[in-house]
Amino acid sequence: MSNAVPGGATSAPEQEGHRLPTNVYPNLYELAIKTDLIASPPTFSGEALIHLDINKDSSEIQFHYHKTLTITHISISTSDLKTTSNLNLPLSNLKLNEENDFATLDLSSLPGGGLKQGQKSTKLFFRFESELKSAMHGYYRSEGDPDENGKKPIYGLTQFEATEARKAFPCWDEPLVKSKFSISMIAREKNTSLSNMPQVSEKPWKAPSNASIDNVFNENYELGSLLGGSVQLGKVEGQTEGKTEGKTEGKTEGKTESNEEGWKITKYETSPLMSTYLVAYASGEFVSLESAHHSKLTGKTVPLKIFATKDQIKQAQFGLDIKKWALPIYEEIFDIPYALPKLDTLVAHDFDAGAMENWGLITGRTTAYLYDPEKSPLSAKKRVAVVQCHELAHMWFGDIVTMKWWDNLWLNEAFATLMGELVILDRIWPEWKPRSEFLKTHLQGALDLDSQRSSHPIEVDCPDSNQIAQIFDAISYSKGASVLRMLASVVGEPTFLKGVSIYLKKHIYGNAETKDLWAGISEASGLDVAKIMKNWTLKVGFPVIKVEESGDGKIKLTQNRFLSTGDVKPEEDETLWYVPLEVATLDDSGKVSVDHKATLEERSTTYDLKGNDSFKLNAQTVGVYRVSYEPERLVKLGKEASKYTLEDRVGLLSDAATLARAGYSKTSGSLSLISEIVKGGEKEYLPWSQIGSSLSKLNGVWWEQSKEVKEALSKLRIDLFKPLIKNLGFDSKDKDELPEIKELRELVISTVAAAEDSEILKEIKERFEPFLKSNDDTKIPPDLQRTIFVNSIQHGGLEEYEKLLNVYNKPSNPSTKVDAMYALTSARDKSLLDRTFKMMGDGSVKDQDLYIFFFGLSANKYARRHIAEYFIKEYDTLMKRYPDGYGVNYLVKGAFSALSSHEDLKMVKDFFKDKDIRKYKSAVAQTCDSIQAAADWVQRDAGDVEQWLKEHKYL
């Protein structure tokens, strides 16, 4: 790696306003964190001794810390300071810019007016403290479920991605600035402390009575010694009033420390170089399960553990097993061993994201890691597998090799998505068909978001932390992974993975950017990968390929940018992508051949079919684009669909429905394609899932049309789906039933129930009755639980609501709690809906779960306008509940994205026009795009759909 700077970071130019200067970099953080979970409210305090490299003469140091962190002491030492007279710096030397969390420490009072380039043994000391809040970012408090005595376990854990380490300790909070970390945790004797690295020692702790700030640089000073004494806080210039009043440790205003039991200090090994967002620690009453990984590359044994509260640990075994199964495969593929001496997972009750790849200490919410083999559905098992494999991929992509800045976030997330949710899953659970399911779980979501005018390139500029939070979306994850999947198809997957290994080895323990990845794959493949992929990562959007038939055995292919609103402007249509055409042709014997070499790199080209009358572009749906056929060809493809692959059929259905919604074709054409494929005897889950999705979107947007049209759409769904129930039934026929059969059963029954088929609703009611009356759930298969819960409340009353409210409050497992959430949001009775809305504001709903209630209510046509009104009415309260903007992105979409009229669009725009939306600007824009596309669609095709329904006797 060129231009290396001491401390493990690559040098960057003197940065613009959103980046720290490079004059001073840390190379080692020594941290001691004291957690008091018994105090009211719980608190943490800490000491940081930061070893610095001085790259340039400096009269000041800039670093990050957040206003919620109170700094009480600052000292500095260098090899040139022979006395202690200049070590302690007044707090008035520290100024904070709250807009970007930049802290500036004035060092002009030091001898010589500051620090000199190359000055040795420079160390910066901070003492700090804060309340341990339930914010789900920084170092925060989580509360478990109440035990039999009504007591809730309380524990602390970290979530530092993207820019939240600064809320826990002063630091250089940028991914480029890699340092080593030596961490000590001080906690109550009964608590277990965790961190990235293995434990070195643990012993009783009591703060020395003679600890002094003047001794912090002495060799025999034990970090953390000042955390037991009293301190007087000063005020930092630029910090908001009320943040730094004078306090006494453990006895701050409004806070009391309990001395009911003793303390202990746990010390951990020093870490390799890593970015601040990957640092992790936790403290609480945890129990664990243990396994081990035996590395063939090193011959070493790596302990594997999963931690949870004692009431949940019994459901953590599957999450632990996945690590043991997946780590050897990752090592084999990358030819790089897992780098740390241990790998833990911590299951958290309160977690904003799904999970987090902290190096050596993965964290995540209960639905991400807990699985009950007896009661959890297949979807819950898949989620645990997907999340754990995704986070394990990060041990290489993100942890050992890290992006230089957040504009290359996709290098972390796209790879973890591709590897963890396709490649590794396919090796361990091929029966799940993850390569095919990728189309449903990622490609379609990526294409949906990227078809909006408000989308962004995979590589997107991130000038501040407000923007960073907004790019953790389907573009960085799903489109990035889909583009990599397409590239793997172009060069061949073994070659692709070889190139990835080359990339990782060249940048191990360092930082990288997109061009470095392309260089590795180019070295393996011999192709100019950067040229092939340039516009896929640097430009917004993707193309639709228009196919025009001339009748002479040739087709004209033209690429243009695709927008969901169908109104591409010339200035938005300048990009030309490298498009692998993957032309599949069908001969007279029914054999399919694929031309893997054909590409479209210009605006248009002509392709010779060489006498084949049956053809289809984008074989296996590997390309990140849509294909628009002429109506006659689409009908023909529908008749021939069974001869093409599963992935081809999913792609055909998805393209036809999406193009119709955008106005590139008529919705009637999409409905006819569905009809033809069903007539062809479709049996596979994924094409049926795509059919269900297309009809569900149609039904959702048509929700305010006439009663007759809505009933006709329900008849259509019943007519298509109900015949499958005869063979599937409600119950599995044997314990070894294929996963896709379970999924198909759930899809079919939920679809027919949503269409209000009386026979199916009667069966659901009969199956729920024993559970309602005597808590007997034996007639409720786990995979059908959500459907049965939802319809029981939807078509029931107070008794059903009360029953599932009790399930919500005391669930048997995390997925059951989520099922109960969706059920509570599905009520039609106004009084019951009012109770659900009241829950969202009275503390009954965790912050991490509120978005589920929003999406559940928006899916309920009886509550859709109410949830929009709720967001508007409670806007100020919601902003206070999520002060950093995290979570608001989901709430905005949940509140408004299901609306579908131009009047709704105006209402949403008018509401947000005078709001400060910097932290969720993308969500507002994307929501407006969704409403615009829906309103245009229903306005344009209402008559077309009505006519099709009449022609097919549904109306």
Side-chain angles (χ1 to χ4, degrees), residues 20 26 28-37 39 41-50 63-74 94 96 98 101-103 124-142 154-175 177 179-187 191 193-197 223-224 226-227 236 239 243-244 249 266 268 271 274-284 346 348 350-353 356-361 363 465 468-469 883-884 886:
L20 290 173
L28 170 66
Y29 291 81
E30 294 183 66
L31 295 176
I33 306 295
K34 180 186 178 189
T35 307
D36 192 348
L37 299 171
T43 62
F44 73 89
S45 54
E47 294 179 15
L49 188 61
I50 308 174
F63 54 92
H64 292 110
Y65 89 92
H66 192 267
K67 64 184 179 182
T68 54
L69 191 69
T70 298
I71 293 178
T72 65
H73 286 90
I74 310 171
L94 182 63
L96 176 66
E98 292 187 6
D101 300 330
F102 276 21
L124 185 61
F125 174 85
F126 294 101
R127 189 202 174 283
F128 49 89
E129 62 178 21
S130 178
E131 180 182 334
L132 192 67
K133 297 181 178 180
S134 56
M136 296 191 295
H137 293 95
Y139 187 34
Y140 70 94
R141 179 178 80 247
S142 180
I154 296 175
Y155 52 95
L157 75 154
T158 56
Q159 170 58 33
F160 290 161
E161 191 177 37
T163 57
E164 311 301 319
R166 63 193 68 175
K167 292 181 178 178
F169 58 93
C171 57
W172 279 250
D173 203 9
E174 296 181 359
V177 190
S179 305
K180 295 181 178 181
F181 290 83
S182 178
I183 296 175
S184 299
M185 296 290 290
I186 300 170
N191 289 339
S193 294
L194 305 171
S195 190
N196 304 85
M197 299 298 290
L223 202 65
L226 285 176
L227 299 180
V236 176
Q239 191 165 8
K243 298 296 181 185
T244 57
E249 164 63 17
T266 307
Y268 301 91
S271 75
M274 66 179 180
S275 306
T276 48
Y277 81 89
L278 295 170
V279 174
Y281 42 85
S283 180
L346 173 63
D350 298 275
F351 206 82
D352 186 54
M356 178 62 205
E357 67 269 19
N358 310 302
W359 209 0
L361 178 56
T363 50
S465 58
I468 293 169
D884 296 311
Y886 298 106

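Between Tyr140 and Phe351, the ring-plane angle classifies as tilted under the 30° and 60° cut-offs. Note on ring orientation: taking the six-membered ring where Trp is involved, the planes of Phe181 and Tyr29 are parallel (angle under 30°, cut-offs 30° and 60°).
Leu49 contributes atom CG, which lies 7.5 Å from atom CZ of Phe125 (distance to the nearest 0.5 angstrom). Atom CZ of residue Phe126 and atom NE2 of residue His73 lie 13.0 Å apart, to the nearest 0.5 angstrom. Taking CG from Leu37 and OG from Ser142, the interatomic distance works out to 11.0 Å, rounded to the nearest 0.5 Å. Separating the CZ atom in Phe44 from the CG atom in Leu227 is a distance of 11.5 Å, to the nearest 0.5 Å. We find the CG-OG distance between Asp36 and Ser45 to be 8.5 Å, quoted to the nearest 0.5 Å. In this structure, CD in Glu129 is found 11.5 Å from CD1 in Ile71, a value given to the nearest 0.5 Å.
Between Phe63 and Leu94, the closest heavy-atom pair is CZ-CD1, 3.7 Å. When all heavy atoms of Gly138 and Lys167 are compared, the closest pair comes out as CA-CB, 4.1 Å. His66 and Asp101 make their closest contact through CD2-OD1, 3.5 Å (heavy atoms, listed as atom of the first residue, atom of the second, distance). Nearest heavy-atom pair, Tyr65 versus Pro170, reported as atom, atom and distance to 0.1 Å: CB-CA, 4.1 Å. Nearest heavy atom pair, residue Ala280 against residue Ser195, reads O-OG, 2.9 Å.
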TODO: Step by step, work out the side chain to side chain contact (heavy atoms under 4.5 Å, CB included) result for Glu357 and Leu278.
DONE: CA-CA 7 Å; Glu357 67 269 19; Leu278 295 170; 4.0 Å; yes
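Side chains of Tyr277 and Met356 form a contact here, defined as non-hydrogen atoms less than 4.5 Å apart. Inter-residue side-chain proximity for Val279 and Asn196 is flagged as met; some heavy-atom pair is nearer than 4.5 Å. Between His64 and Phe102 the shortest side-chain heavy-atom distance falls below 4.5 Å. Residues Ser179 and Leu28 form no side-chain contact, since every pair of their non-hydrogen atoms from C-beta on lies 4.5 Å or further apart. Side-chain contact check for Tyr268 versus Ser182: every heavy-atom pair is 4.5 Å or farther apart. Counting only heavy atoms from C-beta outward, the side chains of Leu194 and Leu157 never approach each other to under 4.5 Å. Side-chain contact between Val177 and Pro26 is present, with at least one heavy-atom pair separated by less than 4.5 Å. With contacts defined as side-chain heavy-atom distances shorter than 4.5 Å, the pair Leu226/Glu47 qualifies.
Donor-acceptor pairing under 3.5 Å is recorded for the side chains of Asp173 and Thr276. Tyr139 and Ser130 share no donor-acceptor pair across their side chains, judged by distance under 3.5 Å alone.
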